[in-house]
Amino acid sequence: MIVFTLESTCDETAAAVVTDELQVLGQAVATQESLHEQFNGVVPEIAARAHLERILPVMQLALERAHVRLDQLDAVAVANTPGLAGSLVISLMAAKTLALVLDIPLVGINHVHAHIYACQIAAQRNVYPCVGFAVSGGHTSLFDCEAPTKLTLLGGTIDDAAGEAFDKVGSMLGLAFPGGPALSKLAEQGNPAAYSFPRSFLKEDRLAFSFSGLKTAVRYAITGPGKVDLSSVTLTAQQKADLAASFEAAVVDCLVGKALQAIQQTGRRVLCVGGGVAANRLFRQHLQTAAEKHSIELHFAPHSMCTDNAVMGALAVERLRLAESDSLDLDVIPGLMR
Ligand code: KG4
Ligand code: ZN
């Protein structure tokens, strides 16, 4: 069975051709970073318009790379939740059109659940049941995953997502958007103990995250307590690296600590981590060490599948196996990207 998967939840336009054996026949991703860079964040209207321009060429490219024709497709899948309404609707309309014209099933999938499913695609074997952890620019969510499409939210962030915090602190340090990868690189030169930043909820049982206090703490470390204007401050290269390293260490402590608590509270022995921040070097290292210590089977999404892509939409295969599909009334559910 050949499934065509589409993704436009935020600022990546992506398409992939996958099989029910989880083989990737071809894929394409168009990023929009250059369009949003000057605003230090994703502008929904700009994202929606860019998706509209890119969706057809991206679909075409994925099919060409897969050497698959439209009439060979058995189903079309689309991430219809969560995300930006104007972005989601572009790939949903494209998917519905294909489903109608080719008379094939339409399968809606949850983008956050798909980030976790990336671990299954990489492992090429069943990794469920597990604790699933989606850590990206839009979400920091822990799930108890009974099966690929049977997830219960255990907890998540009450304010910023981890990636969002990386991007905002990156911007404070003068790094280009999205700041996560650059901040992580800068942190390699810094001292993680130079600044003592807060680790919210870490000593509590509650599976929750909060990064807004941490962001403010970084700002005050730069400007001085109670001051918000960054423009009058000049930091040395070492100060910047120390701030980056201390910030990254605080985020990673929270992510690792809560992932371990989720394992303890659920009794699961397998942990699957996906999303853009799952590409973070320090996070991967620290979680690996903790997993070995606590005998947890740890799966990270491979780097190529951490940030948004359509390959992880192979999650649709799991719904098709259960004989599930959607009608052409399927709608977008923007929802909260927590
Ligand atoms: O999964 P993703 O592409 O988008 C959402 O669904 O939100 O994740 C993008 C996020 C951005 O915030 C980016 O800064 C962050 O992932 N990110 C990283 C790293 N690589 C990407 N954050 C920290 N360290 C990294 N190496
Ligand atoms: Zn994502």
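The hydrophobic cluster containing F133 does not contain L151, counting ILVMFWY residues as joined when their side-chain heavy atoms lie under 4.5 angstrom apart, directly or transitively. Taken together through direct or relayed side-chain contacts under 4.5 Å among Ile, Leu, Val, Met, Phe, Trp and Tyr, V42 and F166 form parts of separate hydrophobic clusters. Transitive grouping of hydrophobic side chains (ILVMFWY, heavy atoms separated by less than 4.5 Å) brings V233 and L186 into a common cluster. Criterion: ILVMFWY side-chain heavy atoms under 4.5 Å apart, direct or through other members. Under it, V78 and L56 are part of a common hydrophobic cluster. If you chain together hydrophobic residues whose side chains sit under 4.5 Å apart, V68 and L61 never meet in one group.
T140 contributes no side-chain N or O that, together with a main-chain N or O of T157, makes up a donor-acceptor pair within less than 3.5 Å. Counting only distance, with no hydrogens or angles, the side chain of R65 and the backbone of V17 share no donor-acceptor pair below 3.5 Å. The main-chain N or O of T307 is found under 3.5 Å from a side-chain atom of N309 such that the two form a donor-acceptor pair. Under a 3.5 Å cut-off, the side chain of S141 and the backbone N or O of G156 do not form any donor-acceptor pair.
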Point to revise | Worked check of side chain to side chain contact (heavy atoms under 4.5 Å, CB included) between I333 and N110 | key: CA-CA 9 Å; I333 309 169; N110 180 306; over 6 Å; no
Exercise for review: Quick one: do T152 and E146 satisfy side chain to side chain contact (heavy atoms under 4.5 Å, CB included)? Show the steps, please.
Suggested key: CA-CA 8 Å; T152 309; E146 220 174 286; 5.7 Å; no
Exercise for review: Tell me, with the steps shown, if T223 and D229 meet side chain to side chain contact (heavy atoms under 4.5 Å, CB included).
Suggested key: CA-CA 7 Å; T223 58; D229 183 18; 5.7 Å; no
Practice item. Start with the C-alpha gap between L255 and V277, add the side-chain angles, then the distance that decides, and say whether side chain to side chain contact (heavy atoms under 4.5 Å, CB included) holds. Key: CA-CA 10 Å; L255 298 178; V277 181; 4.2 Å; yes
Exercise for review: Assess whether side chain to side chain donor-acceptor pair (under 3.5 Å) is satisfied between S91 and S8, documenting all intermediate values.
Suggested key: CA-CA 6 Å; S91 53; S8 66; 2.7 Å; yes
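The two atoms that bring F197 and A217 nearest to each other are CE2-O, 3.6 Å, heavy atoms only. In terms of heavy-atom proximity, L330 sits nearest to L92 at O-CD2, 3.4 Å. Heavy-atom minimum distance, L175 versus A182: CD1-C, 3.9 Å. Considering all non-hydrogen atoms of both residues, A314 and V18 come closest at CB-CG2, 3.9 Å. A pairwise comparison of heavy atoms in G180 and D167 identifies N-OD1, 3.3 Å as the closest pair. Contact between M312 and A114 at its shortest, heavy atoms only, is CB-O, 3.3 Å.
For the pair H36 and F177, the minimum side-chain heavy-atom distance is below 4.5 Å. Side-chain contact between L70 and L73: present, with at least one pair of heavy atoms (C-beta onward) separated by less than 4.5 Å. Side chains of H113 and T149 form no contact here, defined as non-hydrogen atoms less than 4.5 Å apart. At least one side-chain heavy atom of L320 sits under 4.5 Å from a side-chain heavy atom of M1. Side-chain contact between H67 and Q72 is absent, with no heavy-atom pair separated by less than 4.5 Å.
One distance of note links CZ of R268 with CD1 of I296; it measures 13.5 Å at 0.5 Å rounding. Taken from NE2 in H51 to CG in L84, the straight-line distance is 7.0 Å, to the nearest 0.5 Å. To the nearest 0.5 angstrom, I158 atom CD1 is 5.5 Å from R206 atom CZ. Residue L88 holds its CG atom at 8.5 Å from CD of E7, rounded to the nearest 0.5 Å. We find the CE-CG distance between M172 and L183 to be 10.5 Å, quoted to the nearest 0.5 Å. Residue K96 holds its NZ atom at 9.0 Å from CG of N80, rounded to the nearest 0.5 Å.
Scored by the side chain to side chain contact (heavy atoms under 4.5 Å, CB included) test, L52 finds I90 as partners (sequence neighbours excluded). In this structure R281 satisfies the salt bridge (charged side-chain N to carboxylate O under 4.0 Å, His left out) test together with E188, sequence neighbours excluded. Residues meeting the salt bridge (charged side-chain N to carboxylate O under 4.0 Å, His left out) test with D71, sequence neighbours left out: R69. Applying the salt bridge (charged side-chain N to carboxylate O under 4.0 Å, His left out) test to R199 and every residue at least two apart in sequence or in another chain returns D253.
Contact check on R49 versus E45 returns no salt bridge, with no Lys/Arg side-chain nitrogen under 4.0 Å from an Asp/Glu carboxylate oxygen. Remark: R319 engages D326 in a salt bridge, criterion side-chain N to carboxylate O under 4.0 Å.
More than 12 heavy-atom neighbours from other residues, nucleotides or ligands sit within 6.0 angstrom of CD on E204. Atom CG of D205 is surrounded by 12 or fewer heavy atoms from other residues, nucleotides or ligands within 6.0 Å.
With 3.5 Å as the limit, one finds no donor-acceptor pair spanning the side chains of T289 and H286. Judged purely by distance below 3.5 Å, without hydrogens or angles, the side chains of D159 and S210 pair a donor atom with an acceptor atom.
Taking the six-membered ring where the residue is Trp, H111 and H115 present perpendicular rings, their angle passing 60° and hence far from 30°.
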Which pairs of donor and acceptor atoms, one on a side chain in residues 236-248, lie under 3.5 Å apart (sequence neighbours left out)?
{"from": "T236", "atom 1": "OG1", "to": "Q239", "atom 2": "N", "distance (Å)": "3.0"}
{"from": "T236", "atom 1": "OG1", "to": "Q239", "atom 2": "OE1", "distance (Å)": "3.4"}
{"from": "Q238", "atom 1": "NE2", "to": "Q189", "atom 2": "O", "distance (Å)": "3.2"}
{"from": "Q238", "atom 1": "NE2", "to": "D242", "atom 2": "OD1", "distance (Å)": "3.0"}
{"from": "Q239", "atom 1": "OE1", "to": "T236", "atom 2": "N", "distance (Å)": "2.8"}
{"from": "D242", "atom 1": "OD1", "to": "N191", "atom 2": "N", "distance (Å)": "2.8"}
{"from": "S246", "atom 1": "OG", "to": "N191", "atom 2": "O", "distance (Å)": "3.2"}
{"from": "S246", "atom 1": "OG", "to": "P192", "atom 2": "O", "distance (Å)": "3.4"}
{"from": "S246", "atom 1": "OG", "to": "Y195", "atom 2": "N", "distance (Å)": "3.1"}
{"from": "S246", "atom 1": "OG", "to": "D242", "atom 2": "O", "distance (Å)": "2.8"}
{"from": "E248", "atom 1": "OE2", "to": "S184", "atom 2": "OG", "distance (Å)": "3.0"}
{"from": "E248", "atom 1": "OE2", "to": "N280", "atom 2": "ND2", "distance (Å)": "2.8"}

Identify all side-chain donor-acceptor contacts of residues 116-126 below 3.5 Å with residues at least two apart in sequence or on another chain.
{"from": "Y117", "atom 1": "OH", "to": "E318", "atom 2": "OE2", "distance (Å)": "2.5"}
{"from": "Q120", "atom 1": "OE1", "to": "V127", "atom 2": "N", "distance (Å)": "2.8"}
{"from": "Q124", "atom 1": "OE1", "to": "Q23", "atom 2": "NE2", "distance (Å)": "3.3"}
{"from": "Q124", "atom 1": "NE2", "to": "L22", "atom 2": "O", "distance (Å)": "3.0"}
{"from": "Q124", "atom 1": "NE2", "to": "I121", "atom 2": "O", "distance (Å)": "2.9"}
{"from": "R125", "atom 1": "NH2", "to": "E297", "atom 2": "OE2", "distance (Å)": "3.0"}
{"from": "N126", "atom 1": "OD1", "to": "Y128", "atom 2": "N", "distance (Å)": "3.2"}
{"from": "N126", "atom 1": "ND2", "to": "Y128", "atom 2": "O", "distance (Å)": "2.9"}

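Each of D74, L25, L98 was scored for a side-chain contact (heavy atoms from CB on, under 4.5 Å) with F4, with one residue passing: L98.
Annotation: F300 is in aromatic contact with F283 [ring centroid separation under 6.0 Å].
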